[in-house]
Amino acid sequence: MTDTRKADFEAAKLAKRLRRLVGQAIADYSMIEAGDKVMVCLSGGKDSYAMLDVLMRLREKSPVPFELVAVNLDQRHPGFPEHVLPDYLKTLGIPFRIEVQDTYSVVKRVIPEGKTMCGLCSRLRRGVLYRVASELGANKIALGHHRDDILETFFLNLFHGGALKAMPPRLVSDDGRHVVIRPLAYVEESDLAAYAELKQFPIIPCDLCGSQELLQRKQVKGMLREWEKQNPGRIDTIFGALTNVAPSHLLDRTLHDFTRVMATDEPKAQPINLVPRTSKSLP
């Protein structure tokens, strides 16, 4: 009995933490506003399942009305269990659409065997999802990228792209017609994995690119995991740094006019030491 009560308490605490972090991210970046129709993109993975579940819970108590519609893109992967998502979504009583587009054959035809397929796959997927959003009348597109995805993307761009950028929590779609949001921006992947196990989501693995062990993203994930193991709290600090940028201390001339930096014969005000804002320190 004691073990059951403890498990129930931990489960309730996890669910509350996810709702709090998602709600905070939505508020911080004005992701959802009154009258929005949000297209929730479902891949069949733990992240998008959790995103839909939490958004449904938040909508129940939201002070502003908004609609949700779930969309899955069936890319015709061989062996894809096409019945799983429709059966699950029917139990939720939420509007949904399964869009069938054979992008798998395109990717396999264009990308040489053994090469990374994620780039082309994601571009094709985005194009289809933008079209579907327009057809459904959705003005917001919700993607299930979490805090770890954002950090991994930051380091991938740093190491391989020569740019200081990550995944913005809110942006305009490539076609300029929709706003793309990432409600899980503050949520750790480990919490999503625990929540998926708790809720017993019918997970559908991605066998197209997820099985390629040498993907650069997996290498970065391993690097961050090792850093956290050696120095607990480092990931929170790095994530906090993404919300505390000092353009004058970088080298981008488009963000700071270095030509106007002049001596004034006046002492410079000492900066206030700010504690990096992390997912665990959010109210």
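All residue numbers refer to positions in the sequence shown, counting from 1. None of the values given here were measured: they were computed from a predicted structure. Every heavy atom of this structure was used, including side-chain atoms; hydrogens, water molecules and symmetry mates were not.
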Gap between atom [atom2] of [Y] and atom [atom1] of [X] - 0.5 Å precision:
{"X": "Arg170", "Y": "Tyr29", "atom1": "CZ", "atom2": "OH", "answer": "12.0 Å"}
{"X": "Leu143", "Y": "Asp149", "atom1": "CG", "atom2": "CG", "answer": "10.5 Å"}
{"X": "Glu82", "Y": "Asn72", "atom1": "CD", "atom2": "CG", "answer": "10.5 Å"}
{"X": "Glu67", "Y": "Arg59", "atom1": "CD", "atom2": "CZ", "answer": "8.5 Å"}
{"X": "Asp47", "Y": "Leu42", "atom1": "CG", "atom2": "CG", "answer": "11.0 Å"}
{"X": "Ile150", "Y": "Leu184", "atom1": "CD1", "atom2": "CG", "answer": "9.0 Å"}

Test: [X] and [Y] ion pair at under 4.0 Å:
{"X": "Lys6", "Y": "Asp8", "result": "no"}
{"X": "Arg225", "Y": "Glu228", "result": "no"}
{"X": "Arg217", "Y": "Asp148", "result": "no"}
{"X": "Lys218", "Y": "Glu152", "result": "no"}

Please give me the minimum heavy-atom distance between [X] and [Y], naming the atom from each residue.
{"X": "Ala25", "Y": "Pro183", "answer": "CB-O, 3.8 Å"}
{"X": "Ala185", "Y": "Phe239", "answer": "O-CZ, 3.3 Å"}
{"X": "Met39", "Y": "Ala138", "answer": "CB-CB, 3.8 Å"}
{"X": "Pro232", "Y": "Lys229", "answer": "CD-O, 4.1 Å"}
{"X": "Val245", "Y": "Pro247", "answer": "O-CD, 3.4 Å"}
{"X": "Asp252", "Y": "Phe258", "answer": "O-CE1, 3.8 Å"}

Whether [X] side chain and [Y] backbone form a donor-acceptor pair below 3.5 Å:
{"X": "Arg19", "Y": "Val54", "value": "no"}
{"X": "Lys140", "Y": "Met31", "value": "yes"}
{"X": "Ser48", "Y": "Ser43", "value": "yes"}
{"X": "Asn231", "Y": "Arg234", "value": "no"}
{"X": "Asp191", "Y": "Glu188", "value": "no"}

Heavy-atom check, side chain of [X] versus side chain of [Y], under 4.5 Å:
{"X": "Met223", "Y": "Phe159", "answer": "yes"}
{"X": "Asn157", "Y": "Leu164", "answer": "no"}
{"X": "Arg97", "Y": "Glu135", "answer": "yes"}
{"X": "Ile235", "Y": "Arg147", "answer": "yes"}
{"X": "Leu151", "Y": "Leu242", "answer": "yes"}
{"X": "Arg125", "Y": "Thr103", "answer": "no"}
{"X": "Val261", "Y": "His256", "answer": "yes"}
{"X": "Ile141", "Y": "Val71", "answer": "no"}

Linking I/L/V/M/F/W/Y whenever any side-chain heavy atoms sit under 4.5 Å apart, do [X] and [Y] land together?
{"X": "Ile203", "Y": "Leu18", "value": "yes"}
{"X": "Phe96", "Y": "Leu129", "value": "no"}
{"X": "Ile98", "Y": "Val84", "value": "yes"}
{"X": "Ile32", "Y": "Val40", "value": "yes"}
{"X": "Met167", "Y": "Leu192", "value": "yes"}

Exercise for the section: Tell me, with the steps shown, if Arg131 and Glu99 meet side chain to side chain contact (heavy atoms under 4.5 Å, CB included). Expected result: CA-CA 10 Å; Arg131 173 179 58 79; Glu99 180 71 14; 2.7 Å; yes
Should the heavy atoms of other residues, nucleotides or ligands under 6.0 Å from [atom1] of [X] be counted, would the total exceed 12?
{"X": "Arg177", "atom1": "CZ", "value": "no"}
{"X": "Glu197", "atom1": "CD", "value": "no"}
{"X": "His160", "atom1": "NE2", "value": "yes"}

Practice task
Could you check Lys46 against Glu189 for salt bridge (Lys or Arg N to Asp or Glu O under 4.0 Å), going step by step and ending with a plain yes or no?
Solution key: CA-CA 9 Å; Lys46 67 183 188 311; Glu189 184 176 16; 3.0 Å; yes
Practice task
Show your reasoning for whether ring pair (Phe, Tyr, Trp, His ring centres under 6.0 Å) applies to Tyr88 and Tyr49.
Solution key: CA-CA 10 Å; Tyr88 173 74; Tyr49 274 126; 5.1 Å; yes
Practice task
List for me each residue that meets ring pair (Phe, Tyr, Trp, His ring centres under 6.0 Å) alongside Phe9, sequence neighbours excluded, and say none if there are none.
Solution key: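 For Phe9 there are no ring pair (Phe, Tyr, Trp, His ring centres under 6.0 Å) partners, ignoring immediate neighbours.
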